[in-house]
Amino acid sequence: MNDIQPIALPGIDPRRPLVIAGPCSAETEEQVIETARALAAEGVRIYRAGLWKPRTKPGGFEGVGAAGIPWLQRVKRETGMYTATEVATREHVDMALRGGVDLLWIGARTAANPFAMQEIADALRGRDVPVLVKNPVSPDLELWIGAIERIHNAGIRRLGAIHRGFTSIDRSLYRNHPMWAIPIELHRRLPKLEIFCDPSHIGGRRELIAPLSQQAMDLGFDGLVVEAHCSPDCAWSDKAQQVTPEALAYIIRNLVIREQSVTTESLTELRAQIDKIDDELLELLARRMRVSRDIGQFKKEHNMPVLQAQRYEELLERRAGQAVRLGMEREFMRTVMQAIHEESVRQQMEVLGQQPAPEHQ
Ligand code: PEP
Ligand code: MN
(Lines give C-alpha, C1' and ligand atoms only; values in the text may rest on other atoms or scores of the structure.)
(Ligands and ions follow the chains in the order given, each with its own letter.)
Protein backbone atom coordinates (compact mmCIF):
# COMPACT_ATOMS: atom_id res chain seq x y z
CA MET A 1 0.00 0.00 0.00
CA ASN A 2 2.88 2.28 -0.92
CA ASP A 3 0.72 4.44 -3.15
CA ILE A 4 -1.64 5.71 -0.44
CA GLN A 5 -2.23 9.44 -0.78
CA PRO A 6 -3.16 12.13 1.71
CA ILE A 7 -6.79 13.17 2.12
CA ALA A 8 -5.80 16.53 0.54
CA LEU A 9 -9.08 18.22 -0.30
CA PRO A 10 -8.41 21.29 -2.45
CA GLY A 11 -7.97 24.55 -0.55
CA ILE A 12 -7.37 22.95 2.85
CA ASP A 13 -4.44 24.16 4.93
CA PRO A 14 -1.90 21.30 4.97
CA ARG A 15 -0.64 22.19 8.45
CA ARG A 16 -1.50 19.94 11.40
CA PRO A 17 -4.05 19.35 12.71
CA LEU A 18 -6.52 18.83 9.89
CA VAL A 19 -9.82 19.23 11.74
CA ILE A 20 -13.03 17.43 10.89
CA ALA A 21 -15.85 18.51 13.18
CA GLY A 22 -19.60 18.34 13.48
CA PRO A 23 -22.34 16.62 15.39
CA CYS A 24 -22.40 12.93 16.20
CA SER A 25 -25.73 12.77 14.35
CA ALA A 26 -27.59 14.98 11.94
CA GLU A 27 -30.83 15.51 13.89
CA THR A 28 -32.77 18.32 12.21
CA GLU A 29 -32.06 20.70 9.36
CA GLU A 30 -31.81 23.60 11.83
CA GLN A 31 -29.33 21.81 14.10
CA VAL A 32 -27.20 20.79 11.09
CA ILE A 33 -27.13 24.31 9.64
CA GLU A 34 -26.66 26.17 12.91
CA THR A 35 -23.75 23.93 13.96
CA ALA A 36 -22.19 24.18 10.51
CA ARG A 37 -22.37 27.98 10.40
CA ALA A 38 -20.74 28.30 13.80
CA LEU A 39 -17.99 25.82 12.88
CA ALA A 40 -17.34 27.56 9.55
CA ALA A 41 -17.06 30.87 11.41
CA GLU A 42 -14.37 29.26 13.56
CA GLY A 43 -12.41 28.18 10.49
CA VAL A 44 -13.38 24.49 10.33
CA ARG A 45 -13.31 23.29 6.71
CA ILE A 46 -14.66 19.73 6.88
CA TYR A 47 -18.05 19.06 8.44
CA ARG A 48 -18.98 15.67 9.82
CA ALA A 49 -22.51 14.48 10.63
CA GLY A 50 -23.73 10.90 11.02
CA LEU A 51 -26.81 10.14 8.91
CA TRP A 52 -26.93 6.40 9.55
CA LYS A 53 -26.11 5.67 13.19
CA PRO A 54 -24.91 2.23 14.25
CA ARG A 55 -26.40 1.71 17.69
CA THR A 56 -25.24 -0.94 20.10
CA LYS A 57 -28.86 -1.70 21.04
CA PRO A 58 -32.03 -1.26 19.01
CA GLY A 59 -34.39 1.49 20.03
CA GLY A 60 -31.90 4.37 20.18
CA PHE A 61 -31.84 7.14 17.61
CA GLU A 62 -30.75 5.41 14.41
CA GLY A 63 -30.19 8.53 12.36
CA VAL A 64 -32.26 10.49 9.87
CA GLY A 65 -30.80 8.52 6.94
CA ALA A 66 -30.95 9.84 3.40
CA ALA A 67 -33.34 12.60 4.49
CA GLY A 68 -30.27 14.43 5.84
CA ILE A 69 -28.44 14.52 2.51
CA PRO A 70 -30.11 17.75 1.33
CA TRP A 71 -29.11 19.30 4.68
CA LEU A 72 -25.47 18.48 4.02
CA GLN A 73 -25.82 19.89 0.50
CA ARG A 74 -27.11 23.10 2.08
CA VAL A 75 -24.11 23.17 4.45
CA LYS A 76 -21.83 22.96 1.46
CA ARG A 77 -23.69 25.65 -0.47
CA GLU A 78 -24.00 28.08 2.40
CA THR A 79 -20.66 27.64 4.20
CA GLY A 80 -18.33 26.22 1.54
CA MET A 81 -17.33 23.43 3.94
CA TYR A 82 -16.66 19.91 2.69
CA THR A 83 -19.03 17.30 4.11
CA ALA A 84 -18.40 13.86 5.58
CA THR A 85 -20.62 11.06 6.77
CA GLU A 86 -20.42 7.44 7.94
CA VAL A 87 -21.27 4.62 5.56
CA ALA A 88 -21.90 1.02 6.56
CA THR A 89 -23.57 -0.57 3.52
CA ARG A 90 -23.51 -0.46 -0.28
CA GLU A 91 -26.70 1.63 -0.23
CA HIS A 92 -25.15 4.20 2.10
CA VAL A 93 -22.18 4.56 -0.24
CA ASP A 94 -24.42 5.00 -3.28
CA MET A 95 -26.71 7.50 -1.58
CA ALA A 96 -23.87 9.53 -0.04
CA LEU A 97 -21.93 9.77 -3.30
CA ARG A 98 -25.02 10.56 -5.35
CA GLY A 99 -25.77 13.26 -2.78
CA GLY A 100 -22.33 14.84 -3.23
CA VAL A 101 -20.84 13.98 0.19
CA ASP A 102 -17.10 14.73 -0.10
CA LEU A 103 -15.55 12.29 2.36
CA LEU A 104 -16.75 8.99 3.77
CA TRP A 105 -15.79 7.28 6.98
CA ILE A 106 -16.39 3.74 8.14
CA GLY A 107 -17.38 3.22 11.76
CA ALA A 108 -15.72 1.04 14.37
CA ARG A 109 -18.46 -1.61 14.39
CA THR A 110 -18.39 -1.90 10.61
CA ALA A 111 -14.59 -1.99 10.39
CA ALA A 112 -14.69 -5.08 12.62
CA ASN A 113 -16.70 -7.01 10.01
CA PRO A 114 -14.84 -8.16 6.88
CA PHE A 115 -18.09 -8.97 5.04
CA ALA A 116 -19.39 -5.44 5.56
CA MET A 117 -15.98 -3.99 4.64
CA GLN A 118 -15.93 -6.00 1.41
CA GLU A 119 -19.44 -4.86 0.50
CA ILE A 120 -18.41 -1.23 1.02
CA ALA A 121 -15.18 -1.74 -0.92
CA ASP A 122 -17.14 -3.23 -3.84
CA ALA A 123 -19.50 -0.25 -3.80
CA LEU A 124 -16.50 2.11 -3.88
CA ARG A 125 -14.79 0.47 -6.85
CA GLY A 126 -14.27 2.98 -9.65
CA ARG A 127 -15.17 5.93 -7.40
CA ASP A 128 -12.74 8.66 -6.39
CA VAL A 129 -13.51 9.83 -2.89
CA PRO A 130 -11.38 10.09 0.25
CA VAL A 131 -12.19 7.39 2.82
CA LEU A 132 -11.27 7.19 6.50
CA VAL A 133 -11.43 3.85 8.30
CA LYS A 134 -12.00 3.88 12.06
CA ASN A 135 -10.28 1.25 14.14
CA PRO A 136 -12.40 -1.83 14.84
CA VAL A 137 -13.84 -1.96 18.37
CA SER A 138 -11.40 -4.65 19.44
CA PRO A 139 -7.67 -3.94 19.71
CA ASP A 140 -6.79 -5.94 16.63
CA LEU A 141 -4.33 -4.14 14.37
CA GLU A 142 -4.49 -6.80 11.64
CA LEU A 143 -8.25 -6.44 11.40
CA TRP A 144 -7.84 -2.65 11.08
CA ILE A 145 -5.18 -3.01 8.38
CA GLY A 146 -7.32 -5.63 6.63
CA ALA A 147 -10.24 -3.21 6.51
CA ILE A 148 -7.99 -0.50 5.04
CA GLU A 149 -6.56 -2.99 2.55
CA ARG A 150 -10.02 -3.93 1.24
CA ILE A 151 -10.74 -0.26 0.46
CA HIS A 152 -7.30 0.11 -1.10
CA ASN A 153 -7.86 -2.99 -3.24
CA ALA A 154 -11.01 -1.32 -4.57
CA GLY A 155 -8.80 1.40 -6.04
CA ILE A 156 -9.30 4.12 -3.40
CA ARG A 157 -6.00 5.95 -2.89
CA ARG A 158 -6.94 8.93 -0.72
CA LEU A 159 -7.13 6.82 2.41
CA GLY A 160 -6.76 7.56 6.10
CA ALA A 161 -7.41 6.03 9.50
CA ILE A 162 -9.25 7.28 12.57
CA HIS A 163 -8.14 6.18 16.00
CA ARG A 164 -11.22 6.15 18.25
CA GLY A 165 -10.02 3.86 21.01
CA PHE A 166 -10.85 0.25 21.85
CA THR A 167 -13.41 -1.53 23.97
CA SER A 168 -11.70 -2.81 27.09
CA ILE A 169 -12.86 -4.96 29.96
CA ASP A 170 -10.93 -2.75 32.38
CA ARG A 171 -12.95 0.12 33.75
CA SER A 172 -10.98 3.26 33.05
CA LEU A 173 -11.10 6.99 32.68
CA TYR A 174 -11.97 6.59 29.03
CA ARG A 175 -15.02 5.41 27.16
CA ASN A 176 -12.71 3.60 24.76
CA HIS A 177 -9.20 2.80 25.83
CA PRO A 178 -6.71 4.70 23.63
CA MET A 179 -3.99 1.98 23.53
CA TRP A 180 -1.73 4.44 21.70
CA ALA A 181 0.75 1.70 20.80
CA ILE A 182 -1.74 0.39 18.20
CA PRO A 183 -2.06 3.54 16.04
CA ILE A 184 1.69 4.08 16.45
CA GLU A 185 2.33 0.61 15.07
CA LEU A 186 -0.19 1.29 12.28
CA HIS A 187 1.89 4.33 11.34
CA ARG A 188 5.05 2.23 11.34
CA ARG A 189 3.40 -0.33 9.06
CA LEU A 190 1.73 2.19 6.71
CA PRO A 191 3.81 5.37 6.93
CA LYS A 192 1.92 7.13 4.13
CA LEU A 193 -1.48 6.68 5.74
CA GLU A 194 -2.76 9.83 7.46
CA ILE A 195 -4.00 9.12 10.96
CA PHE A 196 -6.68 11.13 12.70
CA CYS A 197 -7.56 10.96 16.37
CA ASP A 198 -11.18 11.02 17.55
CA PRO A 199 -10.85 12.31 21.13
CA SER A 200 -14.65 12.46 21.51
CA HIS A 201 -15.17 8.71 21.22
CA ILE A 202 -11.98 7.85 23.12
CA GLY A 203 -12.81 10.12 26.04
CA GLY A 204 -16.58 9.87 26.12
CA ARG A 205 -16.53 13.12 28.09
CA ARG A 206 -16.01 16.62 26.76
CA GLU A 207 -13.35 17.48 29.39
CA LEU A 208 -11.08 14.85 27.88
CA ILE A 209 -11.13 16.28 24.35
CA ALA A 210 -8.38 18.86 24.96
CA PRO A 211 -5.84 16.59 26.69
CA LEU A 212 -6.43 13.74 24.24
CA SER A 213 -6.07 16.08 21.26
CA GLN A 214 -2.80 17.39 22.65
CA GLN A 215 -1.55 13.86 23.19
CA ALA A 216 -2.44 12.97 19.60
CA MET A 217 -0.54 16.00 18.31
CA ASP A 218 2.47 15.13 20.45
CA LEU A 219 2.44 11.65 18.95
CA GLY A 220 2.47 13.08 15.44
CA PHE A 221 -1.14 12.43 14.36
CA ASP A 222 -2.19 14.31 11.24
CA GLY A 223 -5.65 15.42 12.26
CA LEU A 224 -8.59 15.34 14.63
CA VAL A 225 -12.21 14.27 14.27
CA VAL A 226 -14.21 15.98 16.99
CA GLU A 227 -17.92 15.93 17.76
CA ALA A 228 -19.33 19.45 17.97
CA HIS A 229 -22.98 20.44 18.37
CA CYS A 230 -24.79 23.77 18.66
CA SER A 231 -26.40 22.60 21.94
CA PRO A 232 -24.38 19.60 23.11
CA ASP A 233 -26.52 18.86 26.16
CA CYS A 234 -29.57 18.38 23.96
CA ALA A 235 -27.84 16.10 21.44
CA TRP A 236 -29.78 12.99 20.46
CA SER A 237 -26.65 10.83 20.66
CA ASP A 238 -23.29 11.01 22.47
CA LYS A 239 -24.19 14.22 24.28
CA ALA A 240 -21.59 13.95 27.07
CA GLN A 241 -18.76 14.02 24.58
CA GLN A 242 -19.84 16.87 22.30
CA VAL A 243 -18.66 20.47 22.59
CA THR A 244 -19.94 23.73 21.18
CA PRO A 245 -18.16 25.05 18.07
CA GLU A 246 -16.72 27.86 20.22
CA ALA A 247 -15.30 25.40 22.76
CA LEU A 248 -13.81 23.36 19.95
CA ALA A 249 -12.12 26.44 18.48
CA TYR A 250 -10.71 27.28 21.91
CA ILE A 251 -9.31 23.75 22.25
CA ILE A 252 -7.72 23.84 18.79
CA ARG A 253 -6.21 27.31 19.34
CA ASN A 254 -4.57 26.12 22.54
CA LEU A 255 -2.94 23.03 21.08
CA VAL A 256 0.82 23.13 21.06
CA ILE A 257 2.03 21.76 17.76
CA ARG A 258 5.61 20.65 18.00
CA GLU A 259 6.89 20.21 14.50
CA GLN A 260 8.38 16.81 14.05
CA SER A 261 12.10 17.33 13.99
CA VAL A 262 14.10 15.89 11.14
CA THR A 263 15.76 12.71 12.28
CA THR A 264 19.39 13.73 12.48
CA GLU A 265 22.20 11.24 12.36
CA SER A 266 22.92 11.62 16.03
CA LEU A 267 19.30 10.87 16.87
CA THR A 268 19.52 7.72 14.76
CA GLU A 269 22.63 6.80 16.69
CA LEU A 270 20.94 7.40 20.05
CA ARG A 271 17.94 5.34 18.98
CA ALA A 272 20.25 2.50 18.01
CA GLN A 273 21.67 2.64 21.53
CA ILE A 274 18.18 2.43 23.01
CA ASP A 275 17.36 -0.58 20.82
CA LYS A 276 20.51 -2.31 21.98
CA ILE A 277 19.76 -1.64 25.64
CA ASP A 278 16.21 -2.94 25.14
CA ASP A 279 17.65 -6.13 23.66
CA GLU A 280 19.81 -6.53 26.73
CA LEU A 281 16.88 -5.83 29.04
CA LEU A 282 14.88 -8.57 27.38
CA GLU A 283 17.76 -11.02 27.59
CA LEU A 284 18.15 -10.24 31.29
CA LEU A 285 14.43 -10.66 31.93
CA ALA A 286 14.45 -14.00 30.16
CA ARG A 287 17.39 -15.09 32.33
CA ARG A 288 15.55 -13.96 35.45
CA MET A 289 12.50 -15.99 34.40
CA ARG A 290 14.62 -19.08 33.89
CA VAL A 291 15.88 -18.73 37.47
CA SER A 292 12.27 -18.28 38.64
CA ARG A 293 11.36 -21.54 37.00
CA ASP A 294 14.26 -23.24 38.80
CA ILE A 295 12.93 -21.82 42.06
CA GLY A 296 9.50 -23.17 41.11
CA GLN A 297 11.04 -26.60 40.61
CA PHE A 298 12.75 -26.37 44.03
CA LYS A 299 9.53 -25.33 45.76
CA LYS A 300 7.69 -28.17 44.06
CA GLU A 301 10.20 -30.73 45.27
CA HIS A 302 10.09 -29.33 48.81
CA ASN A 303 6.36 -28.78 48.88
CA MET A 304 6.65 -25.04 49.49
CA PRO A 305 4.05 -22.37 48.54
CA VAL A 306 4.81 -20.19 45.51
CA LEU A 307 4.10 -16.89 47.14
CA GLN A 308 6.15 -15.64 50.02
CA ALA A 309 4.55 -12.32 50.79
CA GLN A 310 7.19 -10.97 53.11
CA ARG A 311 10.02 -11.52 50.68
CA TYR A 312 7.97 -9.87 47.93
CA GLU A 313 7.33 -6.70 49.96
CA GLU A 314 11.01 -6.49 50.95
CA LEU A 315 12.06 -6.86 47.34
CA LEU A 316 9.68 -4.12 46.19
CA GLU A 317 10.87 -1.68 48.84
CA ARG A 318 14.54 -2.38 48.33
CA ARG A 319 14.31 -1.84 44.57
CA ALA A 320 12.11 1.26 44.93
CA GLY A 321 14.72 2.82 47.23
CA GLN A 322 17.53 1.89 44.88
CA ALA A 323 15.64 3.41 41.94
CA VAL A 324 15.29 6.74 43.75
CA ARG A 325 19.04 6.80 44.32
CA LEU A 326 19.52 6.21 40.60
CA GLY A 327 17.25 9.11 39.62
CA MET A 328 14.02 7.24 38.88
CA GLU A 329 10.58 7.49 40.44
CA ARG A 330 9.82 5.17 43.31
CA GLU A 331 6.34 4.39 41.89
CA PHE A 332 7.77 3.64 38.47
CA MET A 333 10.09 1.01 39.94
CA ARG A 334 7.32 -0.53 42.05
CA THR A 335 5.22 -0.89 38.88
CA VAL A 336 8.11 -2.47 36.98
CA MET A 337 8.93 -4.88 39.81
CA GLN A 338 5.28 -5.80 40.25
CA ALA A 339 4.96 -6.63 36.56
CA ILE A 340 8.13 -8.74 36.64
CA HIS A 341 6.97 -10.46 39.78
CA GLU A 342 3.59 -11.25 38.26
CA GLU A 343 5.20 -12.97 35.29
CA SER A 344 7.60 -14.79 37.62
CA VAL A 345 4.72 -16.14 39.69
CA ARG A 346 2.92 -17.21 36.53
CA GLN A 347 6.00 -19.10 35.35
CA GLN A 348 6.45 -20.77 38.74
CA MET A 349 2.79 -21.78 38.73
CA GLU A 350 3.33 -23.35 35.34
CA VAL A 351 6.21 -25.40 36.74
CA LEU A 352 4.02 -26.42 39.65
CA GLY A 353 1.19 -27.28 37.28
CA GLN A 354 -1.23 -24.87 38.95
CA GLN A 355 -3.34 -21.98 37.72
CA PRO A 356 -2.24 -18.57 39.06
CA ALA A 357 -4.53 -17.07 41.69
CA PRO A 358 -6.83 -14.36 40.22
CA GLU A 359 -4.82 -11.43 41.61
CA HIS A 360 -1.77 -12.69 39.77
CA GLN A 361 -3.32 -13.36 36.41
C1 PEP B 1 -19.43 8.31 15.30
O2 PEP B 1 -18.44 8.76 14.73
O3 PEP B 1 -20.38 8.99 15.69
C4 PEP B 1 -19.44 6.86 15.65
C5 PEP B 1 -20.54 6.13 15.66
O6 PEP B 1 -18.22 6.43 15.97
P7 PEP B 1 -17.59 4.96 16.23
O8 PEP B 1 -17.82 4.20 14.98
O9 PEP B 1 -16.16 5.32 16.45
O10 PEP B 1 -18.23 4.40 17.45
MN1 MN C 1 -20.77 9.64 18.10
Side-chain angles (χ1 to χ4, degrees), residues 18-27 31-32 35-36 39 44 46-65 68 72 83-89 92-93 96 101 103-113 116-117 120 130-140 143-144 147-148 151 160-168 174-180 182-183 186 195-206 208-209 212-213 216 221 223-245 248:
L18 175 50
V19 177
I20 301 176
C24 177
S25 306
E27 299 163 2
Q31 167 252 8
V32 165
T35 308
L39 285 169
V44 172
I46 309 178
Y47 185 72
R48 63 149 282 162
L51 300 176
W52 298 280
K53 298 304 298 178
R55 304 314 301 265
T56 300
K57 289 187 179 153
F61 172 57
E62 294 194 323
V64 296
L72 293 184
T83 56
T85 201
E86 172 172 347
V87 290
T89 66
H92 297 165
V93 173
V101 175
L103 184 152
L104 306 178
W105 85 80
I106 291 149
R109 292 157 195 79
T110 311
N113 178 348
M117 283 310 304
I120 295 169
V131 177
L132 301 179
V133 182
K134 284 195 161 192
N135 64 262
V137 284
S138 53
D140 184 341
L143 194 58
W144 195 2
I148 294 165
I151 304 294
I162 304 175
H163 168 232
R164 49 76 80 196
F166 303 89
T167 304
S168 159
Y174 307 104
R175 173 178 178 191
N176 292 303
H177 204 289
M179 301 185 187
W180 297 102
I182 295 179
L186 175 68
I195 307 186
F196 291 71
C197 176
D198 175 343
S200 311
H201 288 88
I202 294 176
R205 293 192 282 133
R206 58 182 71 108
L208 293 176
I209 293 175
L212 284 165
S213 300
F221 280 58
L224 299 168
V225 180
V226 187
E227 288 189 337
H229 190 290
C230 53
S231 347
D233 287 329
C234 303
W236 297 1
S237 59
D238 287 353
K239 63 180 173 190
Q241 68 190 38
Q242 305 209 52
V243 282
T244 60
L248 171 70

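Both backbone and side-chain heavy atoms feed into the values below; hydrogens, waters and symmetry mates do not. Just so you know, ligand 1 is whichever comes first in the structure, and atom 1 is the first atom listed for that ligand.
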Angle subtended at the Mn ion (ligand 2) by SG of Cys24 and NE2 of His201, to 10 degrees?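 Vertex the Mn ion (ligand 2), arms to SG of Cys24 and NE2 of His201: 180°.
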Output the distance between atom CD1 (Ile182) and atom CZ (Phe166), rounded to the nearest 0.5 Å.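 Answer for the CD1-CZ pair, Ile182 versus Phe166, is 4.0 Å.
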Which atoms form the tightest heavy-atom contact between [X] and [Y], and what is the distance?
X: Ser168; Y: Met179; value: CB-CE, 4.3 Å
X: Thr85; Y: Val101; value: N-CG1, 3.8 Å
X: Val32; Y: Glu27; value: CG2-N, 4.3 Å

Pairwise side-chain contact, Cys24 with Lys53, heavy-atom cut-off 4.5 Å (strictly under):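 Result yes, sub-4.5 Å side-chain heavy-atom pair found.
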Min side-chain heavy-atom separation His201-Arg175 under 4.5 Å: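 Side chain of His201 against side chain of Arg175, heavy atoms only: contact under 4.5 Å found.
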Minimum distance, heavy atoms only, to atom 6 (O) of ligand 1: which one of Lys134, Arg48, Arg109 is it?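 Nearest heavy atom to atom 6 (O) of ligand 1 lies in Lys134.
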Passing option when Pro232 is tested against Thr244, Thr35, Asp238 for side-chain contact (heavy atoms from CB on, under 4.5 Å):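 Option passing the side-chain contact (heavy atoms from CB on, under 4.5 Å) with Pro232: Thr244.
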Under the salt bridge (Lys or Arg N to Asp or Glu O under 4.0 Å) rule, collect the residues that match up with Glu227, sequence neighbours excluded.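 Glu227 satisfies salt bridge (Lys or Arg N to Asp or Glu O under 4.0 Å) with Arg48 once adjacent residues are dropped.
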Criterion side chain to side chain contact (heavy atoms under 4.5 Å, CB included) on Glu86 and Trp52, from CA distance to verdict: CA-CA 7 Å; Glu86 172 172 347; Trp52 298 280; over 6 Å; no
Would you say Asp198 and ligand 1 have an N/O pair spaced under 3.5 Å apart?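 Looking only at distances, the answer is no, because the N/O contact criterion of under 3.5 Å is not met.
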Arg164 N/O to ligand 1 N/O under 3.5 Å: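 Yes: some nitrogen or oxygen of Arg164 is under 3.5 Å from one in ligand 1.
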Atom name of the N, O or S atom in Glu227 that lies nearest to the Mn ion (ligand 2):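 Going by distance to the Mn ion (ligand 2), the closest N, O or S atom in Glu227 is OE2.
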Relative to the Mn ion (ligand 2), which of the N, O or S atoms in Asp238 is the closest?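 For Asp238, the N, O or S atom at the smallest distance from the Mn ion (ligand 2) is OD2.
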Nearest-neighbour protein heavy atom for [atom], which is reported as residue plus atom name and distance:
atom: atom 5 (C) of ligand 1; value: Glu86 OE1, 3.7 Å
atom: atom 4 (C) of ligand 1; value: His201 NE2, 3.4 Å
atom: atom 8 (O) of ligand 1; value: Ala108 N, 2.8 Å

Go through ligand 1 atom by atom and flag the ones less than 4.0 Å from a non-hydrogen atom of [X].
X: Lys53; value: 1 (C), 3 (O), 5 (C)
X: Cys24; value: 3 (O)
X: Gly107; value: 8 (O)
X: Glu227; value: 1 (C), 3 (O)

